Amino acid sequence: MHRRLIAPGALAASLLLAIPASAAGASPGAPGIGDPYYPAYGNGGYDVSHYDLRLKYQPRTDELEGTATLLATTTQDLSRFDLDFLLDVSEVRVNGAKASFATSGQHELEITPARPLAKGTPVTVVVRYSGVPSTKTAYGFSTWHRTPDGAVAADEPEAAWWWYPSNDHPRDKATYDVSVSVPDGTQAISNGTLQSTSSRLGWTRYNWRSNKPQATYLTTLAVGKFDLTTGTTSDGVPVVNAYSKDLGDNEGAARASVERTAEITDWLTGYFGPYPFNSVGGYVPNTTTGYALETQTRVFYSPRQFAGGSNTSVVVHELAHQWYGDSVSLAGWKDIWINEGFARYAQWLWSEHEGEGTAQELADYVYASHPADDAFWTVAPGDPGPEHQFDIAVYDRGALAVQALRNEVGDDAFFAVLKGWPKQFAYGNASVDDFRKYAEKVSGASLGSLFDTWLYQPSKPGAPAARDAAIARDARTKGAEGAPARPRSWKKIAATDSVH
């Protein structure tokens, strides 16, 4: 329920005198940031610049205690605002003063400050909370994953609600300090660089820092018993990888893949430009989940990604996201093609690098493998809808669209776009339309028709369009006799279909 203050005449007049003139007409911030795919995700009325999370976690009982400090600026005259959160809150303070709070909906924490806040006001919000994350659900699911020796927070498009209060939408990115106290012998892993550790009375505290803007869903926490390896890329970027000590038969394949992080990061800089963050790496906890996720600087990998042996293709995909998806984040969830189409295309470029099939051969194979009546073609990667946001067509048809763009503008312009885009929108947000305009500016070509054909039409591009884009020129549309041979890399690429 929304709580409103109703004061009789004289008291109301005195209250109005105490409110800055610019805040006298203050109103509640919206309970959603305005994304049509997820109307209740994120919030309106403010913009967060930094999260400071100080946590204590007991793996045995899954009990989490925390104090979250959010630094924000109001974007309207604000009488009340929401945070996205699920755990039990004991106290909220806004600019040092106690604030009232209530819960509503599936995951809304409604905060009413002691006095309204004028537009443009710096705000410090402190939330004290506790709870057992594994007991909480929203919309019928949980993104908090227990492990035999701890837990993991990593999911998309939401994960923060289960362990810290936030403005949970990629449009509101912030820097982070994450400090976690766990029992001695257990480790806490998060994004960025490890600033320090300290031990006291049987507990060890790990202090992590991400110094570049980061979307909430890209923030991760892993608690357990890990074996850590460290190193640097050729450019001196610190590499931190971690592996649960109970991965069993998947351990060797996981290490053989993830330990190539520095090499693959170096290789990707040749296509995407300098690595954009203060560290890189990945972790493989002992979870039963089947996906991988591009959590910023510290990629989450499920052990199941390596059940069939080593697979560097999944590492390429998730590291490519550090440029396409993490540094440059989507403006709205409908823009998911910028994340997944280009991360998949990076796998195609890696296939070329490894001599296991060119990007053109992979594009031809994808086009020929799906007949015109295949539902694959009904998903529009440029705006797939929330129910198809992670459909395989967003990945494979999405990468096919990237190859069509490459063929349309030529390699010189294409690779200039590929490297220039992460620089143009570094640490910000952008849409598919922004990308089209940028590609047109760099290439000098008009690309509206090409984007419409390959990203938006709910049907298979016909032979003339494929011929114009130099796709499957000699292939039969049904992908049977006479279709392109399956590239050698395809099995490894297809094994990553469950990744984000």
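Residue numbers start at 1 and run along the sequence shown. Predicted model, so just to flag it, every value in this text is computed and none were measured. Computation of the quantities below employed the complete heavy-atom set of this structure, encompassing side-chain atoms and omitting hydrogens, waters and symmetry-equivalent molecules.
Atoms OG1 and CG, on Thr265 and Asp235 in that order, are 10.0 Å from each other to the nearest 0.5 Å. Summarising the geometry, atom CG belonging to Leu455 is positioned 10.5 Å from atom CG belonging to Asp383; distances are rounded to the nearest 0.5 Å.
Residues Leu53 and Ala68 approach most closely at CD2-CB, 3.7 Å, considering heavy atoms. Contact detail for Ala399 and Arg344: the closest heavy-atom pair is CB-CG, 3.7 Å. Scanning both residues, Pro384 and Lys334, for their nearest heavy atoms gives CD-O, 3.8 Å. For the pair Thr147 and Ala151, the tightest heavy-atom approach, listed with the atom from each and the gap, is OG1-N, 3.4 Å. For the pair Pro165 and Phe85, the tightest heavy-atom approach, listed with the atom from each and the gap, is N-CD1, 3.4 Å. In terms of heavy-atom proximity, Gly66 sits nearest to Leu55 at CA-CD2, 3.8 Å.
Put simply, the side chain of Thr297 gets close to the backbone of Gly192: a donor and an acceptor are under 3.5 Å apart. Glu294 contributes no side-chain N or O that, together with a main-chain N or O of Gln322, makes up a donor-acceptor pair within less than 3.5 Å. Under the 3.5 Å distance criterion, the side-chain polar atoms of Asp82 are left unmatched by any main-chain donor or acceptor of Glu108. Looking at Gln296, its side chain does come within 3.5 Å of a backbone N or O of Pro213 through a donor-acceptor pair. In this structure, Gln58 contributes its side chain and Arg60 its backbone to a donor-acceptor pair below 3.5 Å. Distance alone, capped at 3.5 Å, places no donor-acceptor pair between the Thr121 side chain and the Thr74 backbone. The backbone N or O of Tyr427 sits less than 3.5 Å from a side-chain atom of Ser327, completing a donor-acceptor pair. Checked by atom type and distance alone, the side chain of Arg304 pairs as donor or acceptor with a backbone atom of Thr288 at under 3.5 Å. Formation of a donor-acceptor pair under 3.5 Å by the Asp391 side chain with backbone atoms of Ala393 is found in this model. No donor-acceptor pair closer than 3.5 Å links the side chain of Asn241 to the backbone N or O of Gly281.
Contact check on Lys437 versus Asp434 returns no salt bridge, with no Lys/Arg side-chain nitrogen under 4.0 Å from an Asp/Glu carboxylate oxygen. Salt-bridge check for Arg255 with Asp227: passed, with a basic side-chain N closer than 4.0 Å to an acidic carboxylate O.
Side-chain atoms of Tyr37 and Gln389 include no donor-acceptor pair closer than 3.5 Å. Side-chain contact check for Tyr176 and Asn211: no donor-acceptor pair (N or O, by modelled atom type) lies under 3.5 Å. With hydrogens and angles left out, the side-chain atoms of Asn43 and Asp84 include a donor and acceptor closer than 3.5 Å. For the 3.5 Å distance criterion, the side chains of His500 and Asp155 fail to qualify, holding no donor opposite an acceptor. For Thr220 and Tyr283, the side-chain atoms include at least one donor-acceptor pair closer than 3.5 Å. When only modelled atom types and interatomic distance are considered, Thr75 and Asp47 share no side-chain donor-acceptor pair under 3.5 Å. Of the N and O atoms on the side chains of Glu340 and His321, at least one donor lies less than 3.5 Å from an acceptor on the other residue. Judged purely by distance below 3.5 Å, without hydrogens or angles, the side chains of Ser196 and Asn207 pair a donor atom with an acceptor atom. Side-chain contact check for Arg93 and Thr124: no donor-acceptor pair (N or O, by modelled atom type) lies under 3.5 Å. For the residue pair Glu110/Thr112, the side-chain donor-acceptor check at 3.5 Å is not satisfied. In this model, no donor atom of one side chain and acceptor atom of the other lie less than 3.5 Å apart for Thr143 and Glu158.
Within the 4.5 Å cutoff, the side chain of Thr73 has no heavy atoms near those of the Ser49 side chain. Annotation: side chain of Tyr46 is in contact with side chain of Leu83 (closest heavy-atom distance under 4.5 Å). The side-chain heavy atoms of Asn95 and Leu117, taken from C-beta on, include a pair separated by under 4.5 Å. With contacts defined as side-chain heavy-atom distances shorter than 4.5 Å, the pair Thr186/Asp149 does not qualify. Between Ile392 and Asp497 the shortest side-chain heavy-atom distance falls below 4.5 Å. Between Ile336 and Glu156, some side-chain heavy-atom pair lies under the 4.5 Å cut-off.
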Would Arg54 and Thr69 count as a side-chain hydrogen bond (donor to acceptor under 3.5 Å, both in side chains) if you check the C-alpha gap in whole Å, the side-chain angles of each, and the deciding distance to 0.1 Å?
CA-CA 8 Å; Arg54 191 168 181 86; Thr69 302; over 6 Å; no
Take Tyr206 and Val223 through the test side chain to side chain contact (heavy atoms under 4.5 Å, CB included) and record every step on the way to the result.
CA-CA 11 Å; Tyr206 294 82; Val223 176; over 6 Å; no
Kindly determine whether Val126 and Lys98 satisfy side chain to side chain contact (heavy atoms under 4.5 Å, CB included), including the steps that lead there.
CA-CA 9 Å; Val126 177; Lys98 278 193 174 183; over 6 Å; no
Between Asp62 and Tyr57, does a side chain to side chain contact (heavy atoms under 4.5 Å, CB included) hold up when you go through it step by step?
CA-CA 7 Å; Asp62 196 40; Tyr57 179 70; 2.5 Å; yes
Going through the distances and angles, do Trp208 and Val180 end up as a side chain to side chain contact (heavy atoms under 4.5 Å, CB included)?
CA-CA 8 Å; Trp208 293 89; Val180 189; 5.6 Å; no
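Taking the six-membered ring for Trp and thresholds of 30 and 60 degrees, Phe272 and Tyr324 have ring planes inclined between 30 and 60 degrees apart. A tilted orientation is assigned to the rings of Trp421 and Phe425, their planes being inclined by 30° to 60°. Note: His317 and Tyr395 have parallel aromatic rings, judged against thresholds of 30 and 60 degrees for the angle between ring planes. His145 and Phe300 have parallel rings, their planes meeting at less than 30° on a 0 to 90° scale where 60° marks the start of perpendicular. Using cut-offs of 30° and 60° for the angle between ring planes, the Trp323 and Tyr275 rings count as perpendicular.
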With a cut-off of 3.5 Å and sequence neighbours excluded, list every side-chain donor-acceptor pair involving residues 305-314.
residue : atom : partner : partner atom : Å
Gln305  : NE2  : Gly290  : O            : 2.7
Gln305  : NE2  : Ser498  : OG           : 3.1
Asn311  : OD1  : Ser313  : N            : 3.0
Asn311  : ND2  : Lys492  : O            : 3.1
Thr312  : OG1  : Trp350  : NE1          : 3.1
Ser313  : OG   : Gln347  : NE2          : 2.7

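In terms of the salt bridge (charged side-chain N to carboxylate O under 4.0 Å, His left out) criterion, residue partners of Asp88 (sequence neighbours excluded) are, by chain and number, Lys136.
Heavy atoms from other residues, nucleotides or ligands lying under 6.0 Å from CG of Asp249 number 12 at most. In Arg209, the CZ atom is not crowded: 12 or fewer heavy atoms of neighbouring residues, nucleotides or ligands sit closer than 6.0 Å. A 6.0 Å sphere centred on CZ of Arg205 holds more than 12 heavy atoms belonging to other residues, nucleotides or ligands.
Between Phe342 and Phe435, the ring centre distance stays below 6.0 Å. Tyr38 and His169 have their aromatic ring centers separated by at least 6.0 angstrom.
The residue from Trp144, Tyr129, Tyr51 that alone fulfils the ring pair (Phe, Tyr, Trp, His ring centres under 6.0 Å) condition with Tyr164 is Tyr51.
Because its NZ or CZ atom is not both nearer than 6.0 Å to the ring centre of Phe277 and within 45° of the ring axis, Lys212 does not count as a cation-pi partner of that residue.
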